[in-house]
Amino acid sequence: MLTEDAAIAIQEELRRQVITTDELPDTIKIIAGTDVEYDKDSNLIAGSIVLLDYTTLQVVAVATHCMEVTFPYIPGLFSFREMPPLLKAWEKLPLLPDLIVCDGQGLAHQRRFGMACHFGVTVNKPVIGCGKTWLCGEYHDLGEERGSIAPLIESSEHIGNALRTQTATNPVFVSTGHKISLATATDIVLKLCTQYRLPETTRISDHYGRLALLEYKNLEK
DNA sequence: GCGACAG
DNA sequence: ATCTTGTCGC
């Protein structure tokens, strides 16, 4: 069993592989969203990855994987809990995306290695971290209108952005996962929030993950 | 020492 | 995270 100390050592090792500049294809055709759902009354979790056409945001493919949790929830070690079902779902994809949006932080993390970085260096693809709630860093004076941005600062480092994706809603927290700059990541997340607070990638993967969990539970009985 | 803490 | 209708406010 992986201990907390061992997990932190892995983070320290892998963080050096993170690329914080744009290494994207010339044109993004397929964008992926990832999410993990938790069953209320068991240890079951479902990893979910959806592929969308980047221009139309229509679903191209869906892959899910249900399994039991293998690691506890520890803030700062979140990725070790969600990586296993996501990697299993990743293996089931019929094609690979040009870019991925993870639910959770990237560099906006205590040790600069959140979920989006871990997934990015593991599958070696560009990944954006987009968290629904604050984890670390300070931000001030975020405007109220859609598109407003306030830098997330920790130890004098610009680790991410608070981004208001719709007027009069709570912000999301965007940071580099891998092979993408913060500016590009922020721009893309805003574009993906066509109608709701969260990017379509996150909303749709959440939906299919929930379905997969229900199907799996019904199949067991 | 205390508090804060992605999903 | 898990869950869910009605309700409040701009």
Side-chain angles (χ1 to χ4, degrees), chain A residues 4 7-8 10-11 14-15 18 33-49 64-89 100-120 122 127-139 143-146 152-155 159-178 182 185-186 189 196-199 201-218:
Chain A
E4 190 168 336
I8 291 173
I10 290 170
Q11 286 186 328
L14 292 179
R15 64 184 284 192
V18 173
T34 77
D35 196 18
V36 175
E37 314 301 322
Y38 293 73
D39 185 26
K40 180 178 173 285
D41 35 41
S42 79
N43 291 325
L44 285 177
I45 57 177
S48 170
I49 304 178
T64 58
H65 185 83
C66 295
M67 61 183 290
E68 301 220 319
V69 288
T70 58
F71 199 83
Y73 171 66
I74 302 169
L77 295 177
F78 176 57
S79 62
F80 290 88
R81 185 172 173 82
E82 298 209 338
M83 282 287 284
L86 285 181
L87 288 178
K88 285 290 189 180
I100 301 155
V101 180
C102 276
D103 69 317
Q105 320 292 339
L107 291 180
H109 173 277
Q110 298 93 314
R111 290 175 294 277
R112 308 292 178 265
F113 195 76
M115 170 75 207
C117 300
H118 199 161
F119 195 73
T122 301
V127 180
I128 294 170
C130 180
K132 294 187 277 287
T133 58
W134 174 92
L135 175 63
C136 63
E138 289 187 357
Y139 69 100
E144 288 299 323
E145 296 86 40
R146 169 182 157 87
L152 264 179
I153 307 290
E154 186 176 272
S155 308
I159 59 174
N161 283 332
L163 169 67
R164 191 90 66 184
T165 57
Q166 300 293 345
T167 300
T169 64
N170 291 325
V172 299
F173 300 86
V174 181
S175 56
T176 293
H178 189 45
L182 178 58
T186 303
V189 168
Y196 299 94
R197 173 183 173 239
L198 300 179
T201 40
T202 302
R203 298 183 63 253
I204 296 171
S205 59
D206 176 282
H207 174 252
Y208 283 103
R210 193 174 309 282
L211 281 185
L213 204 49
L214 289 174
E215 269 175 40
Y216 189 87
K217 285 175 69 179
N218 288 335

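These figures come from a predicted structure and were not determined experimentally. We name chains A, B, ... by the order of the sequence lines, and we start the count at 1 in each one. The figures here come from the full heavy-atom set of this structure, side chains too, leaving out hydrogens, waters and symmetry mates.
With distances taken from any side-chain atom of A:W134 to the nucleotides B:dG7, C:dA1, B:dA4, the minimum falls on B:dA4. For A:R210, counting side-chain heavy atoms from C-beta on, the closest listed nucleotide (C:dA1, B:dA6, C:dC3) is C:dC3. Distances from the side chain of A:Y38 to the nucleotides B:dC5, B:dG7, C:dC3 place B:dG7 closest. The side chain of A:E37 approaches C:dA1 more closely than any other nucleotide in the set C:dA1, B:dG7, B:dA6.
Between atom CE of residue A:M115 and atom CG of residue A:L135 there is a gap of 14.0 Å, rounded to the nearest 0.5 Å. Within the model, atoms CD of A:E37 and CZ of A:R210 stand 5.0 Å from one another, a figure rounded to the nearest 0.5 Å.
Remark: side-chain polar atoms of A:Q105 are paired, donor with acceptor, to backbone N or O of A:T133 under 3.5 angstrom. Proximity of a side-chain donor or acceptor of A:Q11 to a complementary backbone N or O of A:G76 within less than 3.5 Å is detected. At distances below 3.5 Å, not a single donor-acceptor pair connects side-chain atoms of A:S205 with backbone N or O atoms of A:I49.
Protein atom CD of A:E138 is 13 Å distant from nucleotide atom C1' of B:dA4, rounded to whole Å. In this structure, the CG atom of A:L213 is 14 Å from the C1' atom of B:dG7, given to the nearest Å. B:dC5 atom P lies 23 Å from atom CZ of A:F113, rounded to whole Å. Taking atom CG of residue A:D35 and atom P of nucleotide C:dA1, one finds them 9 Å apart after rounding to whole Å. Per the geometry, CG belonging to A:D206 stands 9 Å off P belonging to C:dA1, to the nearest Å. For the pair A:E154 CD and B:dA4 P, the computed distance is 16 Å after rounding to whole Å. Between the CD1 atom of A:I159 and the P atom of B:dC5 there is a distance of 14 Å, rounded to whole Å. The CE-C1' distance, from A:M115 to C:dA1, rounds to 14 Å in whole Å.
The residue A:L86 sits apart from the nucleic acid: no heavy atom pair falls under 4.0 Å. As judged by a 4.0 angstrom heavy-atom cut-off over every strand, A:D41 is placed among residues making no nucleic acid contact. A:G129 comes within 4.0 angstrom of no nucleic acid atom, judged by non-hydrogen atoms across all strands.
Residue A:T133 has a polar side-chain atom (N or O) positioned under 4.0 Å from OP1 or OP2 of B:dG7.
Here A:F78 does not count as stacked on B:dG7, because the ring centres are not under 5.5 angstrom apart with planes under 30°.
Ring-centre distance between A:H118 and A:F78: not below the 6.0 Å cut-off.
Look at A:R164 and A:E144 and you find a salt bridge, because one of the NZ, NE, NH1 or NH2 atoms lies within 4.0 Å of a carboxylate O, short of that distance.
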*Where each pair must be Watson-Crick or G-U wobble with both distances under 3.5 Å, what dot-bracket representation of DNA chain B is obtained, with crossing pairs in [ ] and other-strand partners as |?*
.......
